Protein chains: 2
Amino acid sequence: MLSKKTKYGIKALTYLASQSKREPVQISEIARHENIPQKFLESILLTLRNTGFLGSKKGKGGGYYLLKDPGEIPMTTVIRVLEGPIAMVPCVSLNFYEKCDDCPDENKCTVHKLMLQVRDSVLEVYRNNTLADLILA
Amino acid sequence: MLSKKTKYGIKALTYLASQSKREPVQISEIARHENIPQKFLESILLTLRNTGFLGSKKGKGGGYYLLKDPGEIPMTTVIRVLEGPIAMVPCVSLNFYEKCDDCPDENKCTVHKLMLQVRDSVLEVYRNNTLADLILA
DNA sequence: TGTTTACCCTATAGTTTTAGTAGATTAATT
DNA sequence: AATTAATCTACTAAAACTATAGGGTAAACA
């Protein structure tokens, strides 16, 4: 299951990406428009800022804004920051690899074999979708 | 992340599928061979029995055994029973559909749009893999 | 200097996961 | 009939994770 954090984060990012002007948007506006609990959204936007996706401006006229072009932001990076590893099992993770406690030999593990395929197919979807791709239509 | 329940369940199923003879295998043997906590495995095998994957025999010489041919068991059905919905979000689930609280219009939801693609690609992997496919090499 | 906004820290209720414990039930063997 | 080897059932519980809420701080702007 996708966590609400990730869900809300994607919605917020695409909302910012769909803005005609690249000017700061207030948290409250995003929260209202996307039906997200404001305090929760606050913490999400903060992590998106700390990981280089968003810039922010304080005070009147302040808010959050995208730092890059939506077409330059693949969903792989978004998902990894918000949700964590894309792989269903650490032993098939590219960026968060970890050996399993059970399982003496990964090459003979049926779960490993299956989840490798899942990882690859999911990865391809995320790679083929940027923020810009999600907005249209 | 895949739950250990699912991981252990798949391992147990493939272990049973790889048996040359279709005779009852004891829980303790599976647990030992696959490094699974026995009591945990016990409950997993029970749900696999109650959902029609396994048969069981009590008493001496008893144990669990596959009811169908491994080639007749697609991973879609295994995953759905052990892990639940394949979709990352209820609003794109085929078997467990549910509307989102936020989100007035699914067709305009960017998360929906992305997760539909993810569901389809994952589903294809699970459909193309039966228990028999996981065993070989 | 007052208002508006993001920023930061803490707490917490709820749920899910991952088991462990204790004992009942069943069936084959002796 | 007694013994033994299994599955079955129910209850419990620690630990981790999720999804929030609350309250105060700091910066920008007018």
Side-chain angles (χ1 to χ4, degrees), chain A residues 1-12 16 23-32 34-51 53-67 82-85 88-90 96 98 100-102 111, chain B residues 1-12 16 23-32 34-51 53-67 79 81-85 88-90 96 98 100-102 111:
Chain A
M1 276 292 154
L2 203 69
S3 67
K4 295 210 170 180
K5 179 183 178 184
T6 304
K7 187 183 179 188
Y8 293 158
I10 295 174
K11 282 192 163 194
L16 289 175
E23 281 170 1
V25 179
Q26 297 169 31
I27 296 176
S28 60
E29 179 185 335
I30 306 174
R32 208 181 324 113
E34 298 293 335
N35 295 302
I36 304 173
Q38 180 155 344
K39 266 302 188 180
F40 196 8
L41 178 58
E42 199 175 303
S43 71
I44 297 169
L45 293 176
L46 217 44
T47 78
L48 287 173
R49 201 209 65 164
N50 294 333
T51 48
F53 290 93
L54 301 179
S56 64
K57 197 182 165 190
K58 284 186 181 179
K60 202 166 193 175
Y64 283 94
Y65 52 91
L66 277 182
L67 283 178
L82 291 172
E83 188 78 1
M88 302 278 287
V89 176
F96 303 84
E98 223 172 304
C100 291
D101 292 338
D102 52 324
V111 176
Chain B
M1 276 292 155
L2 203 70
S3 69
K4 294 210 171 180
K5 180 181 176 184
T6 304
K7 188 183 178 187
Y8 292 158
I10 294 174
K11 281 191 162 193
L16 290 175
E23 281 171 0
V25 179
Q26 296 169 31
I27 296 176
S28 61
E29 180 186 335
I30 306 175
R32 207 181 326 111
E34 299 292 336
N35 296 302
I36 303 173
Q38 178 155 343
K39 264 303 182 180
F40 196 6
L41 177 59
E42 206 173 298
S43 71
I44 296 169
L45 293 176
L46 216 44
T47 77
L48 286 173
R49 200 208 66 166
N50 293 333
T51 48
F53 291 93
L54 301 178
S56 64
K57 196 182 167 192
K58 283 187 180 180
K60 207 168 193 173
Y64 283 93
Y65 52 91
L66 276 182
L67 283 178
I79 296 287
V81 161
L82 292 173
E83 187 77 3
M88 302 278 286
V89 176
F96 302 84
E98 224 172 302
C100 292
D101 292 339
D102 52 324
V111 176

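Because the structure is a prediction, the values reported are computed rather than measured. No hydrogens, no waters, no symmetry mates; every other heavy atom, side chains included, goes into these values. Protein chains get the first letters and strands the later ones, always in sequence-line order, with residue 1 at the start of each.
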Asker: Does B:Asn50 or B:Gln26 map to a spot on DNA chain D nearer the 5' end, using the closest nucleotide for each?
Answerer: B:Gln26
Asker: Measure CD1/A:Ile27 against C1'/D:dA28 and give the value in whole Å, please.
Answerer: 15 Å
Asker: Starting at atom CD of B:Gln38, determine the distance to atom P of C:dT18, rounded to an integer number of angstrom.
Answerer: 18 Å
Asker: Identify, between A:Lys60 and B:Pro37, the residue whose nearest nucleotide on DNA chain C lies closer to the 5' end.
Answerer: A:Lys60
Asker: What distance separates A:Ile30 CD1 from A:Glu42 CD, expressed to the nearest 0.5 Å?
Answerer: 11.5 Å
Asker: Roughly how far apart are A:Ile36 CD1 and A:Leu45 CG, rounded to 0.5 Å?
Answerer: 8.0 Å
Asker: Looking across every strand, which nucleic acid part, if any, lies under 4.0 Å from A:Gly61 by heavy atom: base, sugar-phosphate, or nothing?
Answerer: nothing
Asker: In residues 1-8 of chain B, which residues come under 4.0 Å of DNA chain C by heavy atom?
Answerer: B:Ser3, B:Lys4, B:Lys5, B:Tyr8
Asker: Rounded to the Å, how far apart are A:Glu83 CD and D:dT18 C1'?
Answerer: 11 Å
Asker: Evaluate the side-chain contact (heavy atoms from CB on, under 4.5 Å) criterion for residues B:Asp101 and A:Asn35: first the C-alpha distance (whole Å), next the side-chain angles of each, then the deciding distance (0.1 Å), finally the verdict.
Answerer: CA-CA 9 Å; B:Asp101 292 339; A:Asn35 295 302; over 6 Å; no
Asker: Is there a donor and acceptor pair, one atom on the side chain of B:Lys39 and one on the base of D:dT7, closer than 3.5 Å?
Answerer: no
Asker: What's the closest nucleotide to the side chain of A:Arg49 if the choices are C:dA19, C:dC8, D:dT9?
Answerer: C:dC8
Asker: Could you tell me if B:Ser28 and B:Gln38 have a donor-acceptor pair between their side chains, going purely by distance under 3.5 Å?
Answerer: no
Asker: Report the C-alpha separation of B:Glu29 and B:Arg32 in whole Å, then their side-chain angles, then the decisive distance to 0.1 Å, and conclude whether the salt bridge (charged side-chain N to carboxylate O under 4.0 Å, His left out) test is met.
Answerer: CA-CA 5 Å; B:Glu29 180 186 335; B:Arg32 207 181 326 111; over 6 Å; no
Asker: B:Glu34 vs B:Leu41, test: side-chain contact (heavy atoms from CB on, under 4.5 Å). Steps then yes/no.
Answerer: CA-CA 10 Å; B:Glu34 299 292 336; B:Leu41 177 59; over 6 Å; no
Asker: Mind checking the NZ-CG spacing from B:Lys7 to B:Leu2? Nearest 0.5 Å is all I need.
Answerer: 8.5 Å
Asker: Tell me the interatomic distance from B:Lys58, atom NZ, to D:dA5, atom C1', rounded to whole angstroms.
Answerer: 13 Å
Asker: Touch check for A:Leu45, heavy atoms < 4.0 angstrom, all strands: base, sugar-phosphate only, or nothing?
Answerer: nothing
Asker: To the nearest Å, give me how far apart CD (A:Glu29) and C1' (C:dT4) are.
Answerer: 15 Å
Asker: Using whole Å, what does the distance between atom P of nucleotide D:dC29 and atom CD of A:Glu23 come to?
Answerer: 13 Å
Asker: What is the distance, rounded to the nearest whole Å, between atom CD of B:Glu42 and atom P of D:dA5?
Answerer: 16 Å
Asker: Rounded to whole Å, please give me the gap between CG in B:Leu41 and P in D:dT7.
Answerer: 9 Å
